[in-house]
Amino acid sequence: MDLLITILLLLVCLLLSNVIGHYIPFIPTALIQIALGVLLAIFAKEMTLQLESEWFLLLFVAPLLYNDGRNFPREDLWRMRAPILGNAIILVLLTTLGGGYFIHWLIPDIPLAAAFALAAILSPTDPVAVNGIAKRIQIPEKILNLVRGESLINDASGLVAFKFAVAAVVTGYFSIKEALFEFTYTFLAGAILGLILGVVITQLRFTLRKKGIHDVVFHSLLQLLTPFIIYLIAEDIFHASGVIAVVVGGIVHALVKDHTETLIAEEQLITENTWSIVLFILNGVVFLLLGLNIPLSMTETLENPSMNNWKIIGYSVAIGFVILGIRFIWSYAFSYYEYKKDEIQEIEKPSLKTSLLTSLTGVRGAVTMAGVLSLPLLVDNGDLFPERSLILFLASSVILFTLLIATIFLPLLIDEEEVLEIREGKLTFNEAKKRLLIASIRKINAVMTEENQTVAFELIDEYKLMFNQIDVELNAEKLASKERKQQIKSLRLLGLKAEKEYIKRTQKEQNLDPDIYSACQAAFKEREKNIINPNRPKVIAILYRILLHWRTSRKRYSLNKDKRIEYFRQKKELRMRALGAGLNALEQHAKSEENPDLANSIIYEYRKIMDRMKQSVTQNSERRDEIKEELRALLIETERMEIQKMYEAGEIERAEEKELRRFVNYIESISLYEVIE
C-alpha cells in the first residue's frame, strides 16, 4: 500500500509540475519537478522508493534509450557525424578521466574508481531537459541537433564506462587489459544483439499479422515491451551491454517504420500517443526522485564530521564547472580542427560564444540520475559502497547546477536581433496554426446552408475553442489590448440591453406571466454579471443553472400537461423574440462600423443560440453524422492547401510544415476513428 501511495503521489506531482510550468514558463519543467521532489522529501519523510540497481536501469534507462534510437534523425545526424561521435565517445572518455582525477583530488575520501564512476555518469547529456529551455529561447538548430545526436550514443558509452568503474569499486579489482577486452565485447555484442533482436521482434510482428492477428492494441503493447525484452536478453543471458542493445534495437525499429508507416498507420498512431505518456512519466519521475534524494543524501553526507553544507555545495559547483569546462575546451578545439581541415570553407569559423552555447546546452538529466541511483549499497566484501550518499548528492547537485546555469545564461547568450532576422517574414507554429483555423472558419461560412447550419455552428465552435487555446498558449490575455476587451464587453451589453427593453415593452403591452417575466429578469441579471466580470468563478454559473433548473422543475410539476406545454412554448417564443431584438440591434450597429469584425463575432453567437432553439425535432443522427463528415473532409482539404500555400510562400519552414500536417492528420484520424468491439 505504501508503494502504491508513493507512486500516486509522484504522478500527482508530475501533473502539478506542468500546471506550475504553465504559469512560470521561464523555469524549465525539470527544475520544477526537482523542487517538488525536495518538498516531498521534507514534508513526507516516511516516503521511500527503493529499487535494485538492475531494476532501475531496466525500468528507466532501457525505454528512454530505445526511444532515442527509434527517433533517430539519420539525415541530420549523418551530416554531423564527426562532432556527434567526437562528443559521444572521445568527450565521454575525457570527462570520465579528467573529471574522475579532479574529483579524487578534490575529495580524497572518494576512491579513484568511484570518482571515475561519478564522472562517467555525469558525461551523458539530456536533450529533454534542454528542450524545456529551448521552448522560450531560439537555441541554434545546429547546436540542438548536436545535443540530440550525441545523447543517443553518449548515454550508452557513459553508462558502459560507469558500469566498469562501479564493478572496480565493488570487486576491488581492475585490469586495463581485461577492461578493454570486456568493454569491446559488451559494446560489440550489445550492438549485434540489438540488431538481431530488433529484426527478430519486427519479423515476429509481421508474422503475427500474416496469421490474422491485427489487433493494434496488442501490437502497440509489443512495441512498448520491446526495449525491456532486448535489455534483459542482452544483460542476463549474454552479459553484453543492454544499453547499446536497446539503442540499436530502436534504430532498427526506425528503419522498419520508414517503410511501413502507411501499412500500419493506426498502430503507429496509438503507439506514438502511448509512448508520449510513458516518456513523460519516466522523465518526470526521474527528476522527482532526484529532488527526493537531495535532502536524504545531504543529511547522510553531513554525518561525516569533516563535511558541512558550504563545503559540499562548493564541491558540487567545482565539479559542475570542471565538467562544463572540459566540454567547452573540447568543443572549441574540435570546431577549430574541423575549420582548419575544411578546404572548401563550408564550416563557420569557431567562436568562443558558439563553444560556450554548446557547453551550456550539455545539461545533465534523466540518464545521469537513473544511473547514479542504481549504485549498489554494498561491495563484495560486505562493506558499504564508499561515500555512496556523497556521490548521490554530488550527482544530483551537478544536474541541478547545469540546469540552473543553462536557464540563467543561455538566454543572455542568444542574440535576439539575430533570431528576429532569421525569423523575419516567418510564422511561428502557433501563428500558422491560427491561420489554418481562420481559413477553416471562413470555409464553413462560405458553404453554410439551411440543412447543414446546425452542424456548421458546432464545427465553428470547435475551431473557435482551438483558436482560443492557442491564444492562451501565446499568453493572449496579456497581449490583448484593454480597448479590444472593452469593445467586446460593450457589444454584448448592447445586445443584452435590446433584449431587456423588448421584454419590458412586452410586459407593459401583454402583461406576461409573472413566473416567465421573473425568470427572464433573473437570467438577464446573471448574464450581465458574466459580461461585466468574465473571470467570475465558473462554479457560480453552474450553481445558478442548477437553481434555475430546480425552479423550472417546480413549475413543470405544478401544472397539468396542457398548461405545462403552453407555458414552455410561451417562454421559448418570448426568448426567441428577445434574442431577435438583440440580434437586430447588433446588426444595425455593425452597419455603422468601419470594421464590423467584432460585432459580427457577437452576431454569430446570437444566431447560433437561435438556431439551436429552432431545432424542435432532433435531426436524424445518421444524416447529421454524414453532414459533419462531409464538412470535415472539406475543411481538411482546405487546411492542407493552406499549409502548402504557406510553405511555398516561404512563410513557414519545413519543421513547421511537418508539424502542421501532423496536426491536420490528427484531427482527421479522430473524425474517422470508430471504436471496434
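Index from 1, following the sequence.
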Does any non-hydrogen side-chain atom of Thr96 lie less than 4.5 Å from one of Phe162?
-> no

Where is the tightest heavy-atom contact between Leu292 and Pro295, given as atom of each residue plus distance?
-> O-CD, 3.7 Å

At what distance, to the nearest 0.5 angstrom, does CZ of Phe393 lie from CZ of Arg388?
-> 15.0 Å

Atom CD1 in Ile34, atom OG1 in Thr29: separation rounded to 0.5 Å?
-> 11.0 Å

Working to the nearest 0.5 Å, report the span between CG of Leu31 and CG of Leu290.
-> 10.0 Å

After noting the C-alpha distance and the side-chain angles of Leu225 and Leu221, does the key distance pass the side chain to side chain contact (heavy atoms under 4.5 Å, CB included) rule?
-> CA-CA 6 Å; Leu225 288 175; Leu221 179 59; 4.2 Å; yes

For the student: nearest non-hydrogen atoms of Gln223 and Trp275, plus distance = O-CZ2, 4.1 Å

Inspect the surroundings of OH in Tyr185 and state if more than 12 heavy atoms from other residues, nucleotides or ligands are less than 6.0 Å away.
-> yes

Sub-4.5 Å side-chain heavy-atom contact between Arg205 and Leu222 | yes

Begin from the C-alpha positions of Leu208 and His219 and carry the test side chain to side chain contact (heavy atoms under 4.5 Å, CB included) through to its verdict.
-> CA-CA 9 Å; Leu208 291 171; His219 286 281; 4.2 Å; yes

Considering residues at least two apart in sequence or located in another chain, which fulfil the side chain to side chain contact (heavy atoms under 4.5 Å, CB included) criterion with Leu378?
-> Leu384

Using atom types as modelled and distance alone, determine if a side-chain donor or acceptor of Arg327 lies under 3.5 Å from a backbone N or O of Thr358.
-> yes

What residues, two or more places apart in sequence or in another chain, satisfy side-chain hydrogen bond (donor to acceptor under 3.5 Å, both in side chains) together with Trp330?
-> Asn87

Are Glu642 and Lys645 close enough for a salt bridge, meaning some N to O gap below 4.0 Å?
-> yes

Please name all residues satisfying ring pair (Phe, Tyr, Trp, His ring centres under 6.0 Å) with Phe401, sequence neighbours left out, ordered by chain then number.
-> Phe321

Got Ile391 and Leu375 here, is their nearest side-chain heavy-atom distance under 4.5 Å?
-> yes

Minimum side-chain heavy-atom gap Leu195-Val252 below 4.5 Å | yes

Would you say the side chain of Leu193 lies within less than 4.5 Å of the side chain of Phe238, judging by non-hydrogen atoms?
-> yes

With rounding to the nearest 0.5 Å, note down the distance linking OG in Ser396 to CD1 in Ile294.
-> 5.0 Å

Taking it one step at a time, do Leu282 and Leu64 satisfy side chain to side chain contact (heavy atoms under 4.5 Å, CB included)?
-> CA-CA 8 Å; Leu282 291 179; Leu64 289 173; 4.3 Å; yes

Between the main-chain N or O of Ala88 and the side-chain N or O of Ser157, is there a donor-acceptor pair closer than 3.5 Å?
-> yes

Of Val38, Val286, Leu14, the residue whose pairing with Gln33 passes side chain to side chain contact (heavy atoms under 4.5 Å, CB included) = Leu14

Check Phe280 against Asn18 and note the closest heavy-atom contact, atom names and distance.
-> CE1-OD1, 3.6 Å

Applied to residues 365-377, the salt bridge (charged side-chain N to carboxylate O under 4.0 Å, His left out) test, sequence neighbours excluded, yields none

With the threshold set at 4.0 Å, does a side-chain nitrogen-carboxylate oxygen contact exist between Arg632 and Glu639?
-> no

Please check if the side chain of Thr368 supplies one atom and the backbone of Ile121 the other of a donor-acceptor pair under 3.5 Å.
-> yes

Minimum side-chain heavy-atom gap Leu40-Leu10 below 4.5 Å | yes

Taking all non-hydrogen atoms of both residues, which atom of Gly158 and which atom of Pro124 are closest, and how far apart?
-> CA-CG, 4.3 Å

Ignoring hydrogens and angles, tell me if any N or O in the side chain of Arg364 forms a donor-acceptor pair with the backbone of Gly362 under 3.5 Å.
-> yes

Interatomic spacing from CD1 in Ile652 to CD1 in Ile643 - rounded to 0.5 Å = 6.5 Å

For Asp236, what residues pass the side chain to side chain contact (heavy atoms under 4.5 Å, CB included) criterion, not counting sequence neighbours?
-> Leu232

Applying side-chain hydrogen bond (donor to acceptor under 3.5 Å, both in side chains) to Glu235 and not counting sequence neighbours gives Lys163

Determine the minimum heavy-atom distance between Ala240 and Ala189, stating which atoms define it.
-> CB-CB, 3.6 Å

Ser220 and Thr271: side chain donor to acceptor below 3.5 Å | yes

For Tyr231 and Leu59, what are the C-alpha separation, side-chain angles and deciding distance, and is it a side chain to side chain contact (heavy atoms under 4.5 Å, CB included)?
-> CA-CA 10 Å; Tyr231 185 91; Leu59 181 61; over 6 Å; no

Heavy atoms of Thr638 and Leu634 approach each other most closely as OG1-O, 2.8 Å

Is the closest side-chain heavy-atom distance between Leu122 and Thr95 below 4.5 Å?
-> no

Can you find a heavy atom in the side chain of Tyr66 that is under 4.5 Å from one in the side chain of Val247?
-> no

Rounded to the nearest 0.5 Å, what separation is found between the CG atom of Leu9 and the CG atom of Leu16?
-> 11.0 Å

Pro63 backbone acceptor or donor facing Asn67 side chain under 3.5 Å | no

